[in-house]
There are 2 protein chains.
Amino acid sequence: MNDRPTTTLDQVARAAGVSPSTVSRILNGTARVSEAKRRSVEEAIAALDYRPNVLAQGLARGRSLTIGVLTQDIASPFYSESLKGIEEALAGTGYAPLFVSGHWDAEEEARKVALLVDRRVDGVIVLTGMIPDDALIATAERVPVAVTGRTLNAPRLIAIDLDHEAGAYAATRYLIDLGHTRIVHLAGVQGHADARARLAGYRRALAEAGIAEDPALIVDGQFNENGGLDAVNALLDHRVSFTAIFAANDQSAVGARLALYRRGLRVPDDVSLVGFDDLPGSLYTTPPLTTVRQPAYELGRLTARVLLHLIDNRPLPALDLPMSLIVRDSAGEPA
Amino acid sequence: MNDRPTTTLDQVARAAGVSPSTVSRILNGTARVSEAKRRSVEEAIAALDYRPNVLAQGLARGRSLTIGVLTQDIASPFYSESLKGIEEALAGTGYAPLFVSGHWDAEEEARKVALLVDRRVDGVIVLTGMIPDDALIATAERVPVAVTGRTLNAPRLIAIDLDHEAGAYAATRYLIDLGHTRIVHLAGVQGHADARARLAGYRRALAEAGIAEDPALIVDGQFNENGGLDAVNALLDHRVSFTAIFAANDQSAVGARLALYRRGLRVPDDVSLVGFDDLPGSLYTTPPLTTVRQPAYELGRLTARVLLHLIDNRPLPALDLPMSLIVRDSAGEPA
DNA sequence: CTGAAAGCGCTTACAG
DNA sequence: CTGAAAGCGCTTACAG
């Protein structure tokens, strides 16, 4: 039942009284064709409502016109912005993105990448993830790959990273300049390179300001709302004193904000809060969140562009994208 | 540069000393094969690291093993939950979802659907959208389609809708039972069927309670944060009196909440607020949002399942999914 | 400019 | 059980 007869190039050729080769040439603008034939082919195409079979084209040309994209969670508020950027960069190029999710599991990521390769994608984009470098290098032997969130050098592979350490430094430094010295860091998931880099930036800012690091102030926020909520609850339960929180991402900042709200602590009057990412929703938290903006959309767009260049063997564009502190209303001077 | 030589089925056949047909049969378990040949083929596959070309399989079998999914915005917090449900339902079936975005523009949606058809997807899922019914019915002549957010009857097409009117009724009724009579409705985008149904539910609840409808209380929230923010600001500027807000979706509720915050109005002490959708983030707003839960994830999963059944001509599962009021902390009795 | 032919990498009746 | 052959719907050297 699945098949309604689709019209094929051969039928068009017959209807127009020309050879299939000619139809193909007209379709692809791949050679000069007499006006008469062109016209009759175009008429036949219109009359039959012919649309080329992209799969068949792919098989014949040796390229699928699809770009595989490994994200971690299709519904992630952060990465979905990057997906949007990828969509945008691919629009009008003939390439379609094929999205798969790895869920931060190295094995699942590897399986999903294999699935992309099985479908003969013309290039692969990997949005961070836990998949080991070697696996990436190995797949780059079959197909060009562009990966974000790590530094890596290999043939047919290009890695784009942002300076998370610098972003975290700027955020922490901002709080210090405001007068805070008891600054909590809601750390990200252990093992994530981003989480490590952000912690390092926090530490560097403290050290530079001559503020001794207090291990009690570095807690696990798990990169999500619930992690932030639990961590701040625990801090409050243990009567740890602090005047500011630097969260490793906006989601954990939002969780922290709710914990404070529940205890009757005001932001920023009682506690200052700074996040990381600048999710679309962070503009509308109460109060709007001061945060480090990661250009997720632009990152997606750039990564896709770079991959296209890599596929066509063209010289690559510049790869630098800035992190920037966005000052809104959630941080102020200590009470 | 794009092509590292990939090993083909023919090479496997040669290496194993059998015909290509046999290799294919073993790959697909489509016929009995002698143990000896099976073994040598399996060895050859392992030795050559052979992976079938899914595109070529698709061409030969007349099915692409991909399901086209038209969403409106890949980064929408609501629809991305449905995408996740679709992913989940398709996992392990051999089908891969191909996501495209229509951006609430009927023409773009039609173009994107055409793109899916060009790629010979085996089925199409349309997550609401503005594309007209006829267009959907026409594409159903080429490929099975499952569409959400509307009611429609046609061959090879199945429509799944939720009862938005009932959900809105429940929300409004809840506020009325709490004692509110001056209830603002932050309406959704004009022309969206969902928006109309939710407005209707609001009206029915008022009418049933004998509360006269005040046109000044029905304002445009545009289904997004900024719309909710602007609308509530305008209400406050014009000194319209109200004690509660029923927003047509959570995003506009969040914007409304920020407007109230900025004016120093407390939620729920001064103004009660109820949303619609139950986005993942609504659990973490301050205060956590009372809202009507739309089972977005389950909807995506069900839609994908139904489509698979349609493709295989199997009897369809039940299509009902409930809306439910989730009571959290943003609504209370009027001051 | 244009057609016949071979080929892309598979599958699947058709014979044995 | 298994192979040779034809076919899926295109593209692209190769000749004219």
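Protein chains get the first letters and strands the later ones, always in sequence-line order, with residue 1 at the start of each.
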S.K.: What is the distance from CG of L27(A) to C1' of dC10(D), rounded to the nearest Å?
M.R.: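 Rounded to the whole Å, the gap is 10 Å.
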S.K.: Could you tell me which nucleotide pairs with dA4(C) by Watson-Crick or G-U wobble geometry, both distances under 3.5 Å, or answer none if nothing does?
M.R.: none
S.K.: How many Å lie between CG on N28(A) and C1' on dG9(D), as a whole number?
M.R.: 13 Å
S.K.: To the side chain of A60(B), which of dA4(D), dC10(C), dG3(C) is closest?
M.R.: dC10(C)
S.K.: Could you work out which one of dT11(D), dG3(D), dG9(C) sits closest to the side chain of T22(B)?
M.R.: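 Shortest atom-to-atom distance from the side chain points to dG3(D).
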S.K.: To the nearest 0.5 Å, what is the distance between CG on N28(B) and CD on Q57(B)?
M.R.: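 Result: 6.0 Å between the selected atoms.
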S.K.: Going through the distances and angles, do S21(B) and S24(B) end up as a side-chain hydrogen bond (donor to acceptor under 3.5 Å, both in side chains)?
M.R.: CA-CA 5 Å; S21(B) 325; S24(B) 174; over 6 Å; no
S.K.: Starting at CG of L48(A) and ending at P of dG9(D), how long is that distance when rounded to a whole Å?
M.R.: 14 Å
S.K.: Would you mind telling me which of dT2(D), dG3(C), dC10(D) lies closest to the side-chain atoms of L9(A)?
M.R.: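 Shortest atom-to-atom distance from the side chain points to dC10(D).
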S.K.: OP1, OP2 of dC8(D) versus side-chain N and O of N53(A): anything below 4.0 Å?
M.R.: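 No, N53(A) has no side-chain N/O under 4.0 Å of OP1/OP2 on dC8(D).
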S.K.: Could you tell me whether E35(B) and R39(B) make a salt bridge, using a distance below 4.0 angstrom between a side-chain N and a carboxylate O?
M.R.: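 Salt bridge: yes.
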S.K.: Would you kindly give the CG-to-P distance between L55(A) and dG7(D), to the nearest whole Å?
M.R.: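 In whole Å, dG7(D) P lies 21 Å from L55(A) CG.
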S.K.: Tell me which one of D194(B), T128(B), D133(B) satisfies side-chain hydrogen bond (donor to acceptor under 3.5 Å, both in side chains) with R150(B).
M.R.: D133(B)
S.K.: Considering every strand shown, what is the Watson-Crick or G-U wobble mate of dA13(C) when both distances are under 3.5 Å?
M.R.: none
S.K.: Quote, to the nearest angstrom, the P distance that separates dC10(C) from dC14(C).
M.R.: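 To the nearest whole Å, 24 Å.
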S.K.: Ignoring hydrogens and angles, answer whether the base of dG3(C) and the side-chain atoms of R25(A) contain a donor-acceptor pair closer than 3.5 Å.
M.R.: yes
S.K.: Over how many whole Å does the gap from D10(A) atom CG to dA5(C) atom P extend?
M.R.: 14 Å
S.K.: Of the nucleotides dC10(C), dG9(C), dC10(D), which one has an atom closest to the side chain of Q57(B)?
M.R.: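 Nearest to the side chain of Q57(B) among the choices is dC10(C).
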S.K.: Taking the minimum atom-to-atom distance to the side chain of A56(B), which one of dG9(D), dT2(C), dC10(C) wins?
M.R.: dC10(C)
S.K.: Do E108(B) and K112(B) sit within salt-bridge range, that is, some charged N less than 4.0 Å from a carboxylate O?
M.R.: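 Looking at K112(B) together with E108(B), the answer is yes, because their closest N to O distance falls below 4.0 Å.
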S.K.: What class does the angle between the rings of W104(A) and H192(A) fall in, given that below 30° is parallel, 30 to 60° is tilted and above 60° is perpendicular?
M.R.: tilted
S.K.: Quick one: is K37(B) getting a side-chain N or O under 4.0 Å of the dC1(D) phosphate, OP1 or OP2?
M.R.: no
S.K.: Closer than 4.0 Å, any side-chain N/O of S34(A) to the OP1 or OP2 of dT2(C)?
M.R.: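 Indeed, a polar side-chain atom of S34(A) lies that close.
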S.K.: For nucleotides dT2(D) and dA6(D), find the distance between their P atoms and express it as a whole number of Å.
M.R.: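 Per the computed distance, 23 Å lies between those P atoms.
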S.K.: Taking the side chain of S21(A) as heavy atoms from C-beta outward, which of dG9(C), dA5(C), dT12(C) is closest to it?
M.R.: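 Side chain of S21(A) sits closest to dA5(C).
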S.K.: Counting only side-chain nitrogens and oxygens, does T8(B) get under 4.0 Å of the OP1 or OP2 atom of dG9(C)?
M.R.: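 No.
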S.K.: Using the P atom as the reference point in each nucleotide, state the distance between dA5(C) and dC1(C) in Å, no decimals.
M.R.: 23 Å
S.K.: Closest-nucleotide mapping onto DNA chain D: is S24(A) or G17(B) further toward the 5' terminus? I mean the 5' end.
M.R.: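 Nearest-nucleotide comparison on DNA chain D picks G17(B).
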